[in-house]
Structure formats: C-alpha cells, structure tokens
Amino acid sequence: MRGGGLGGGLASKAERTTSRRGTIRAAAGEQPKAKPDLRKAFPKVWELVRPRRWLLLFGLVLVAVNRVAGLILPISTKYLIDGVLNPKSPHPGRLLPLVGAIFAATAIQAATSFSLTQLLSKAAQRMIADLRKQVQQHIGRLSVSFYDSNRTGVLVSRIMTDVEGVRNLIGTGLVEFVGGMLTALMVFTYLLISNARMTLIVFAVIAAFVLVLQRAFKTIRPIFRERGKINAEVTGRLTESLGGVRVIKGYHAEEREATVFAGGVQRLLDNVMRSLTATSTMSFAATTVLGIVGGLVMLIGGHGVLTHRMTVGGYFQFTALLAFMIAPVFQIVNIGTQLTEALAGLDRTMEILAEKDEFSDPERVHALGPIEGNVTFDDVRFAYETDKPVLHGISFEAKPGTMTALVGSSGSGKSTIISLVCAFHKPDSGRVLIDGIDLATVRLDDYRAQLGVVLQESFLFDGTIRENVVFSYPDATEEQFLNACRIARVDEFAERFPEGYDTIVGERGVKLSGGQRQRLSIARAILANPRILILDEATSSLDSESEAMIQAGLAFLMEGRTTFTIAHRLSTIRKADQILVIEQGQIVERGTHASLYELGGRYYDLYTRQHGLETNLFLAPGEGDVVEEAK
Ligand SMILES: Nc1ncnc2c1ncn2[C@@H]1O[C@H](COP(=O)(O)OP(=O)(O)OP(=O)(O)O)[C@@H](O)[C@H]1O
C-alpha cells in the first residue's frame, strides 16, 4: 500500500476513542450464544474441507482399514479358545496361522495409524496457517469503525487462538470420530449376529448413557465458547496495559492493573473449573456405566456358558469385542469436546469473516486515475452513532496544491473531517468530492494510493529504518529512498548509526526521539508521493534544531499537494491558504490568518488565548515566543 502510514492513524485514533460501536458480539460483551449455529457453520466447515476432501476420504479409508485390522485380535480369541485350545479336540497346527494373521493385522494397523497422523495432522496445520492468513487479511481490510469498536488484543486472539481449534476438524479429530463410529457399528453388527439378547441389553445401557452425554454437551459447549471470549478479553487488556506501561506507572496504577488482570484470570479459572466439573461428571458416569455393563455381561454370559448356550471362546470374544464397541463412545466424549471447541472457534472466526470489508463495498465502482487533488465537502453531515450528530453541514473546497488548516476546540470534529477525507467513514448525507467525483463511490485502493498521512504519533514497525521508510512505497529505488531521507533529514541521524539505514528501530531496536520519528514519518510520506496529504501536528514542542529540520522536510512535503492539517503550530497555520475554524461540528469562521485575526471572532479568541493561558489550542507550550517573532 502506498499510503504514508495509514496504520498509524488507525492505531492512534483507536486508542483515543473508546469502544462505542460493538460489531463483534464477544468484544461488545454480549451474552455468548448457547451453541455455535451449526447450519451456519457447515458451509464454512465444508469450504475448509472441500479442497482437502480427497485427503479426508483417503483418511477415512485408512481409518476403516485400521479399525478392521484392529478387530482381528479380539475376534481371534474365539478361534483360539474354541478351535485351537479346545480340550476336547485341540488343533495345535492352527496356532501359527492364527498368530501370523494377528501379526499381519498389527502391521497393517501400525502402518495406517502412522500414515493417518502424517497426512491429516500436517494437512490440519497447513489449514490453520491458511485460515490465519485469511482472517488477518480480512481484518486488515475492515473499516476504521471496526477497529474503533474492537480491542487489539481481541483481534489478535481471533487470528491466533480461535483458528487453532479448527485443527480438530481436519486433523485426526474428525477422522477418529468417524472411525470410532464405524468400529462401533461394525462390532455392534457382529455381536448382534453372534448373541442378539446380550448385545441388545448392553446396547440399551450404552444408549441411555449417550443420551446423558448429549445433555452434558449442551452444558459444556457454551462454557467453551465463553472461554474463548474471556481469553480474548484478558489478553486484550494485558496487551493494552503492557503497551501503556508509562501511563500506568505515571499514575502509580500498577496495583489497580494487577487487580483487573487478577479478575480476568479468575474468570478464566472459574470457566475452566466449570468445564472440569462437567467433564469429571462425565467420566464418573462413564466409569459407572462401564461397571454396570461389565457386570451384566458377566452375568448373562456366564449363565450362557453354564447352560451351554454359549462357548467359552464366544464369551471371551464377546467381552473383547465389547471394549471395541464401548471405547469409541468414550472417545466421542473426548473428541466431541474438541470438536465443540473447534466449532466455537470457527463460529467466532466466521463472525469476523462476515464483517463487511470496506474495499468490496458495492457502491465503490469508480476507478480513479491520477487525481489533481481538489477536495470538496458539500453539506456533509455525519454521526458515529445515530442521534448523536458530529458534523452538521460542512461545506468547503480545498483547491489542488493548497493547505487547509483545521482549528477549533477539542471534540469539535476536526479529526472526523480528516477521517472523511481519508474515506475511513462515509457521510450520512452530503458528499465529499475528489476532483468532482463522489468519494463514496470511488474504489478505495485507487484513492488511498494517492493519500499520505503524517501523524503526531509516528507509527514505526519493529524493523530497520529502511523498512520503515519504504513501507509506503516498497518498489522505491535506492536513489529515491536516499533522496527522501535527505529531504526529511533522516540521513542526519541514520548515517550516524554503525548500521546506518539498516539499524533496527522500534521495540527491539534503537529508540528514536520524537523528532526523529517524525522525520522518518515525513520521509515515508515523501516517498509515497501522495496527492493529498494529511498532517496531524505534534502538540509537544521539540527543541528548535529538531523543529527546524522537521519544518524544512514538511515544507518540501507539502509543496504542490492538497494538504489538510490539524495544526497546533502557528508557523504552520500562518502558511495555510485557508483556515477553517470548527466548533461543534460546524465551520464557524473561514479565511486566512490575517483576515480571521482582523475579524476578531472565534479565531481571534483562540489565537489571543495563548497570551493568557498555557493551554493554548494552537500552540505547544513554549511556542509563544516564536509567535511574537512571527507577528
Ligand atoms: N469513533 C467514534 N465513535 C463515536 N464518537 C466519536 C468517535 N470519534 C470521535 N467521536 C466523537 O465525535 C466528536 C468529534 O470528535 P473529533 O475526534 O472529530 O474531534 P477533534 O476536533 O478532532 O478533537 P481533538 O482535537 O480533541 O482530537 C466528539 O464528540 C467525539 O466524542
């Protein structure tokens, strides 16, 4: 993207504005759904499964072979006891072939198990990687209002954690599940043929248990869904508090933060405890059922053998096979939980993927060639929330290559106007026109490629100086890159580092000063060569040397571009071709510095306030002297 660091705009503004419009249910703190909507989940599951359907089918064949091979051993007990070892007519010659068959079956079982894990687990991991990329890409294309209303940590968890659970759908989870069912069915049929009465009694007990299990799953599913939500919230808060460590320390709020975190961890613990209670109840029930079934089989089978209705071999075979029928039911307990988790994760992932991506807005049909940079607001009205209008009929024109400064008190709507210029939002009524074309109908990629943003909170990645500068135009030549660095005076500090432009900056590397960060951000914007430039000036004052360097870079950057600035420095405001004074979402005055000063109205008030108060709205503290000289 050539856009001169739009990301910074998202980050800084999202931090300043709190969550006001909840788009993701979990983040908005709504009650979790009782269970994932399966009808909605299946198309999504199918979408994931479809490209891998042959693999899964092959996996199922492998499972079938595996399970049949696994049945050879229990089935052979009957032949061993009744055929080979029968005291009345022993057949020692049959022993070796029987053992050979068991060896062969075991070899097949081992080989198929190995291949299953190799094939399916790897496919599952590949799928997780794909899905992660897809979710991240989608989130990247969502509108700014989405970011405003969802916490960063929550989004991180959506991309990293939720997707992880999907492993169980493609990995061995689903196949094990189907394989288990298959085995149970095969064994059930076999047992039914060999001893219908005993099989049906055992089956009735197990069926009752399955019904109980189903109820248990109903309870346990929302717990898992909620766990994902709590996890995301706790991670979110943690990410924020680690990022805002200076504010926390500054207000000595370490303990308060610890309490908040402890509260989150406790909620997580409570949730895990609840699910553990549910799972332990399930295993308690399972053990009891196992005991009952075992006793019943012994009673009926023993009686059968004593009354010669069953052979000893038949009895042992029955008990051995029974395990193969019951084990899958218990496996389902385990796998069922995993699949439930996977579906809950998928459900949240789907919620994100269902969010409307700002680029594929059907209204945005106009391709935009190189623009001149005429920006016109035509009676623009806008509200973030219904019934709370923020802009009330803003109209102005910014001619190509001119500078428009927005001034006004805090909360008057300056940033909102800028957001509309950036097409982060659409007006509720009225139009924003770019060279006469309604911005709401323009393709965003075309437009944003011609937009550059320099924010007061310069946004730096963890990477080298070079990477941070060319971020706005990755195809820049070395010459273009060096030229931008020279104009923005990045060379002056970068070349002093032993690693030069390859010096790592950001969290892991060299910490740059506020002024240096701004210069880097200016170099980035110069390289992007935007037609429309957004400049959110820093409020903090820099020493005069840094200030001079920044001003020189900015002067070059603004040359010939339509610039919008939320100005704090009088030096910038005085250069503006037009100043718009915004109060409560309206333009109350407009003109140049001289004409507005002359007018003696709101602008005059704001301007002269600096003589009396430190909290000047234009200027950073200490800038007053510069004003005096400039006047
Ligand atoms: N994302 C948002 N959701 C809801 N309301 C918002 C949002 N962002 C801003 N507002 C509201 O819109 C109004 C105008 O805010 P805006 O940020 O445009 O003011 P501003 O003039 O840029 O203020 P400042 O100089 O303090 O940054 C304020 O009342 C603010 O509370």
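Just follow the structure's listing: the first ligand is 1, and inside any ligand the first atom is 1. Numbers for residues simply follow the sequence, beginning at 1.
Not close to ligand 1: Gly408, with no non-hydrogen atom less than 4.0 angstrom away.
When all heavy atoms of Asp577 and Thr592 are compared, the closest pair comes out as O-CG2, 3.6 Å.
Polar contact check, Glu385 against ligand 1: no nitrogen or oxygen pair lies under 3.5 Å apart. By the 3.5 Å distance cut-off applied to N or O atoms, Val390 is not counted among the residues near ligand 1.
Defined by atom type and a distance below 3.5 Å, a donor-acceptor pair is missing between the side-chain atoms of His138 and Gln136.
A salt bridge does not link Glu492 to Arg489: none of the charged nitrogens lies less than 4.0 Å from a carboxylate oxygen.
Here is the list of ligand 1 atoms found below 4.0 Å of a heavy atom in Thr416: 14 (C), 15 (O), 16 (P), 18 (O).
Relative orientation of the Tyr603 and His593 rings is perpendicular, given thresholds of 30° and 60° on the angle between their planes. Between His425 and Tyr384, the ring planes lie perpendicular to each other; the angle is over 60°, past the 30° to 60° tilted range.
When the heavy-atom distances from atom 23 (O) of ligand 1 to Ser419, Ser412, Gly411 are ranked, the shortest goes to Gly411.
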